[in-house]
Amino acid sequence: MLNFIILVVKIKFEILTDYLEKLENTSSQTAMINILSEIFQESGKEEIDKICYLILGQIGPGYEDIKLGMDEKMIQAAIAIAANIDKESVASETNNLGDIGIVATKFIDISKNKFKKFFYFKGDLSVDDIYKAFKKIAKVSGTGSYEIKKKTLASMLIEADDLGKKFIARLANGKMRLGVGDMTILYGLSVSVFGTKDKKDELEHAYNVSSDIGYVGKILFEKGIDGVNNINITLNRPIKAMLAQRISDFSQIKVKINSENIAAEEKYDGERIQAHKEGDNVKLFSRRLNNVTKQFPDVVKKIKKHINVKNIILDGEIVAYNFEDKKFYPFQKLMQRKRKYKIKEYRRKIPVKYIVFDVLYVNNESFLRKSYPERRKKLENILESSKYINLAKRVVSSNLDIIDGFFQDCIDRNLEGIVCKSCANDSYYHAGAREWSWIKWKKEYITNLTDTLDLVIVGAFPGRGRRSGTYGALLCAVYNHEKDVFETVTKIGTGFSDQQLEQLPSKLEGVLTDKKPARLELSKKMDIDYYLIPEYVIETLGSEITKSPIHTCNWNEEEERGMALRFPRFVRWREEKAPEQATTSEEILQMYREQ
DNA sequence: TCTGCCTGCCC
DNA sequence: ATTCTGC
DNA sequence: GCAGAATGGGCAGGCAGA
């Protein structure tokens with residue numbers, strides 16, 4: 001018998017980072033795909049999976065319960081020990097440069113280094129070394145783990161060259177900022193093996209049902225496209241959820257949706273849950289595919305009881321529900337069930353319903369490529385509606401007035417809105433896709449149903465990435481007429497055009513101040529980078545008012561809660577308004593009571 | 001043992 | 001979650 | 001229009017340090 005020594009050539013980390021640098025400096029999608037294709041060819045089947053994860057700033061498939069437990073603050077601490085300087089300098093430079101990777105390269109100078117490496121690498125730093133070190137960071141927990149994570153990262157940062165430092169720090173941050181997402185990777189895989197983008201759809205299907213891009217890459221390299229096409233929906237492995245598109249104007253529904261008949265389902269403000277039942281074994285997965293079974297023993301029980309099919313995959317929403325008043329509880333209440341401890345107690349305190357709206361798999365048969373009406377019909381046959389588990393309520397019509405009536409009714413009953421679904425023959429369940437066969441329509445999209453708020457800018461936060469050098473978000477306040485003070489109600493970081501963002505620093509320069517303005521009421525928990533004298537007013541939009549532990553608007557001492565805006569966004573400047581003409585705390589209180 | 005900061009994950 | 005932008 | 005990258009409120013839990 002011969003003994004073969006199998007030499008696995010491990011790719012040097014340097015080679016990967018050269019490619020990453022090229023990707024970062026490329027904006028054309030086609031050019032990026034070609035670069036990715038080169039990387040994949042070089043990596044070969046041994047390391048293709050790791051390379052896919054790393055390019056996306058991940059260290060494994062999303063559904064695996066692997067968390068680094070490390071973010072910007074800890075990365076800064078690691079840079080500080082690797083560079084032998086204080087954390088505060090690293091933090092302030094992160095704010096100035098807006099990129100933790102560049103900060104790492106700038107500060108860490110190996111010749112001046114005094115930090116004794118904690119972790120040694122043999123020979124040239126390889127992709128595998130980096131991958132394993134990050135896995136190690138993810139794995140360690142308990143007392144002293146903070147130190148180990150920090151030192152492991154610091155060791156990597158010291159070992160790598162400048163480019164390496166940049167991407168290691170960004171990897172720890174989970175944001176590579178290359179302009180490459182999972183779809184671009186799929187195109188790259190297709191080009192690397194076939195020379196064309198043609199096989200992307202097949203790869204995407206495999207990805208959407210396996211939820212593991214590294215696995216798809218590996219199968220493609222090992223077994224070819226036939227192997228990829230054999231990847232199918234499997235019980236107990238979560239598949240990517242289908243998402244709904246949005247529109248800005250109700251009449252667009254008819255234009256965008258490709259069917260005469262429209263099914264309008266109630267849209268619930270809860271948690272998207274995919275349920276897998278295999279005999280007596282039930283598993284629940286969140287929208288990001290985390291296993292959340294333990295949080296909802298009540299739902300597991302009801303699924304077992306009311307679904308008389310052996311093997312099945314369902315899609316739906318868990319909502320907190322007050323069975324006495326027959327009303328939905330707010331989302332914030334449901335979130336308290338996102339827990340590891342005191343599950344029994346909270347199961348009583350916060351009862352929930354599982355509202356099912358789709359079926360993806362029944363007894364070894366995939367339902368993904370059956371039409372929505374067919375799937376719904378199957379669901380109606382299978383599910384015996386009961387108190388704790390039911391079908392999503394809906395109307396089906398080709399008449400927009402009827403759909404609108406249903407929507408109004410939903411709004412009156414305090415639901416978020418509706419989801420309109422195509423009833424066409426090809427209205428498949430397109431896992432992972434945000435498609436025009438599902439369209440959401442929420443109350444807040446209707447301008448005259450939602451009040452805009454005029455808020456005073458009282459603070460600012462430095463931007464990251466593409467927002468380097470300008471502000472990333474502004475702290476906004478309402479005016480309390482009675483006390484003549486400004487109370488914070490939200491930060492705003494979206495809705496600005498690039499041009500508006502670019503102009504922010506010069507626009508706000510005149511109101512920058514070192515001290516907290518006297519009339520600003522600030523919570524201890526709010527850490528402001530730049531104080532601004534209350535002067536500028538902006539028009540903003542949000543979906544609702546929530547109770548807030550960090551904002552001081554209508555602060556209640558006993559509850560230790562103020563009020564805040566959910567889903568806030570910038571609309572426009574209100575130059576003509578004085579800060580005292582801004583929306584008042586009183587008005588916010590009124591809005592809170594009315595919703 | 002308690003508190004506050006940080007992180008991950010829901011929306 | 002929402003929003004903007006280059007391709 | 002897609003795909004990617006900015007950003008929000010707020011919940012529980014993990015860990016360090018007082």
Side-chain angles (χ1 to χ4, degrees), chain A residues 27-32 56-57 62 65-74 76-77 98 141-147 149 174-187 243 245-246 248 256 268-273 286-290 292 295 317-318 330-342 346 416 433-436 440 442 444-445 461 463-468 470-476 489-501 524-525 527 540-551 561-571:
Chain A
S27 62
S28 146
Q29 184 80 354
T30 317
M32 284 197 284
L56 293 173
D65 204 15
I66 300 179
K67 297 172 263 178
L68 285 182
M70 162 182 269
D71 209 333
E72 195 172 274
K73 298 289 175 183
M74 207 194 289
Q76 288 175 350
S141 70
T143 305
S145 60
Y146 176 88
E147 214 53 25
K149 285 174 196 273
K175 287 174 198 144
M176 297 301 269
R177 307 192 34 236
L178 304 172
V180 175
D182 43 11
M183 292 303 131
T184 317
I185 296 262
L186 293 172
Y187 279 119
L243 305 168
Q245 270 289 8
R246 45 173 300 183
S248 50
K256 298 285 185 182
Y268 311 95
D269 192 9
E271 186 175 351
R272 182 79 177 269
I273 294 289
S286 69
R287 194 183 123 178
R288 284 218 196 144
L289 313 180
N290 284 308
V292 293
Q295 292 166 24
E317 189 98 355
I318 288 184
F331 177 73
Q332 268 174 294
K333 187 133 179 155
L334 177 70
M335 279 302 94
Q336 294 177 41
R337 290 211 42 181
K338 219 161 86 77
R339 58 174 54 251
K340 238 171 114 175
Y341 308 110
K342 295 194 205 166
Y346 276 79
E416 265 195 316
R434 194 180 283 282
E435 283 202 329
W436 291 108
K440 58 180 165 181
K442 293 167 66 166
E444 57 176 292
Y445 303 161
F461 304 86
R464 298 282 184 267
R466 57 189 277 118
R467 304 232 180 136
S468 300
T470 180
Y471 299 115
L474 302 176
L475 181 63
C476 302
V489 70
T490 190
K491 289 203 277 178
I492 295 223
T494 191
F496 306 100
S497 67
D498 280 4
Q499 199 193 12
Q500 284 167 330
L501 281 168
K524 269 179 255 166
K525 290 174 188 157
D527 227 355
T540 67
L541 205 57
S543 70
E544 63 174 334
I545 312 291
T546 58
K547 286 284 180 82
S548 168
I550 60 164
H551 288 290
R561 287 269 189 291
M563 288 178 184
L565 209 53
R566 180 144 87 136
F567 307 146
R569 55 261 198 201
F570 171 88
V571 179

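Note on naming: letters A, B, ... go to the chains in the order of the sequence lines (proteins, then strands), and numbering restarts at 1 for each one. None of the values given here were measured: they were computed from a predicted structure.
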- Task: Could you tell me the separation between the CG atom of A/D498 and the C1' atom of C/dT3, rounded to a whole number of Å?
- Result: 11 Å

- Message: I need the CD-C1' distance between A/Q29 and D/dA5, as an integer number of Å.
- Response: 13 Å

- Message: Please report the distance separating the C1' of C/dA1 from the corresponding atom of B/dG8, rounded so that it comes out in whole Å.
- Response: 16 Å

- Taken to the nearest whole Å, OH/A/Y187 to P/D/dC2 is 10 Å

- Item | Heavy-atom pair with the smallest gap, counting every atom of A/E271 and A/V292 | OE2-CG1, 4.3 Å

- A/G472 backbone acceptor or donor facing A/R467 side chain under 3.5 Å: yes

- Query: Which part of the nucleic acid, if any, lies within contact of A/L178, taking any heavy atom under 4.0 Å across all strands shown: a base, the sugar-phosphate backbone alone, or nothing?
  - Reply: sugar-phosphate

- Tell me which of A/T30 and A/L541 sits closer to the 5' end of DNA chain C, going by the nucleotide each one is nearest to. A/L541

- Report the nucleotide, chosen from C/dC4, D/dT7, D/dG8, that has the shortest atom-to-atom distance to any side-chain atom of A/R467. D/dT7

- Message: Suppose we screen for salt bridge (charged side-chain N to carboxylate O under 4.0 Å, His left out). Which residues come up paired with A/E317, at least two apart in sequence or across chains?
- Response: none

- Query: Does the distance from a Lys or Arg side-chain N to an Asp or Glu carboxylate O, for A/R566 and A/D269, drop under 4.0 Å?
  - Reply: yes

- On DNA chain B, reading 5' to 3', which nucleotide is the first and which the last to sit with an atom under 4.0 Å from a heavy atom of chain A, could you check? B/dC6 to B/dC11

- Base, sugar-phosphate, or nothing: which does A/R464 touch, judged by heavy atoms less than 4.0 Å apart? sugar-phosphate

- Message: Other residues, nucleotides and ligands only: do more than 12 of their heavy atoms fall within 6.0 Å of NZ on A/K440?
- Response: yes

- With nearest nucleotides of DNA chain C determined for A/F570 and A/S28 from heavy-atom distances, which residue corresponds to the more 5′ nucleotide? A/F570

- Message: If I take atom CD in residue A/Q245 and atom P in nucleotide C/dT2, what distance separates them, rounded to the nearest angstrom?
- Response: 11 Å

- Side-chain N or O of A/T184 less than 4.0 angstrom from OP1 or OP2 on D/dG4? yes

- Qualifying residues under salt bridge (charged side-chain N to carboxylate O under 4.0 Å, His left out), relative to A/K442, sequence neighbours excluded: A/E416, A/E444

- Any donor-acceptor pair under 3.5 Å linking the side chain of A/Q500 with the backbone of A/S497? yes

- What about A/T494, does its side chain sit under 3.5 Å from the base of C/dT2 through a donor-acceptor pair? yes

- Query: Under 4.0 Å: is that the gap between some side-chain N or O of A/R566 and OP1 or OP2 of C/dT2?
  - Reply: no

- Message: Quick check on DNA chain B: between A/R288 and A/D527, whose nearest nucleotide comes earlier from the 5' end?
- Response: A/D527

- Query: Looking for any heavy atom pair under 4.0 Å, which part of the strands does A/K440 touch: base, sugar-phosphate only, or nothing?
  - Reply: sugar-phosphate

- Which residues pass the salt bridge (charged side-chain N to carboxylate O under 4.0 Å, His left out) test with A/R466, sequence neighbours left out? A/D498

- Message: Measure CD1/A/I545 against P/D/dG8 and give the value in whole Å, please.
- Response: 18 Å

- Task: Could you tell me whether the phosphate oxygens of D/dA6, OP1 or OP2, come under 4.0 Å of any side-chain nitrogen or oxygen in A/Y471?
- Result: no

- Can you check each nucleotide of nucleotides 10-15 of chain D against protein heavy atoms at under 4.0 Å and return B for base, S for sugar-phosphate only, - for none, in 5' to 3' order? SSSSSS

- Query: Does a nitrogen or oxygen in the side chain of A/K442 sit under 4.0 Å from OP1 or OP2 of C/dT2?
  - Reply: yes

- Message: Just the rounded figure in Å: distance from C1' of D/dA5 to CG of A/D182.
- Response: 13 Å

- Message: Can you measure A/L186 atom CG to D/dA3 atom P for me and round it to whole angstrom units?
- Response: 10 Å

- At under 4.0 Å, does any side-chain N or O of A/R177 touch on OP1 or OP2 of D/dA5? no

- Item | Contact nearer the 5' end of DNA chain B, comparing A/M70 with A/V292 | A/M70

- Note on the structure: Heavy atoms of A/R339 and A/K342 approach each other most closely as CD-O, 3.8 Å

- Message: Test of understanding: with side chain to side chain contact (heavy atoms under 4.5 Å, CB included), list the residues that count as partners of A/S548, not counting sequence neighbours.
- Response: A/I550, A/H551, A/A564

- Closest non-hydrogen atom pair, A/S543 against A/F567: OG-CD1, 3.3 Å

- Task: Check the distance between C/dA1's P and A/E544's CD and give it to me in whole angstrom.
- Result: 13 Å

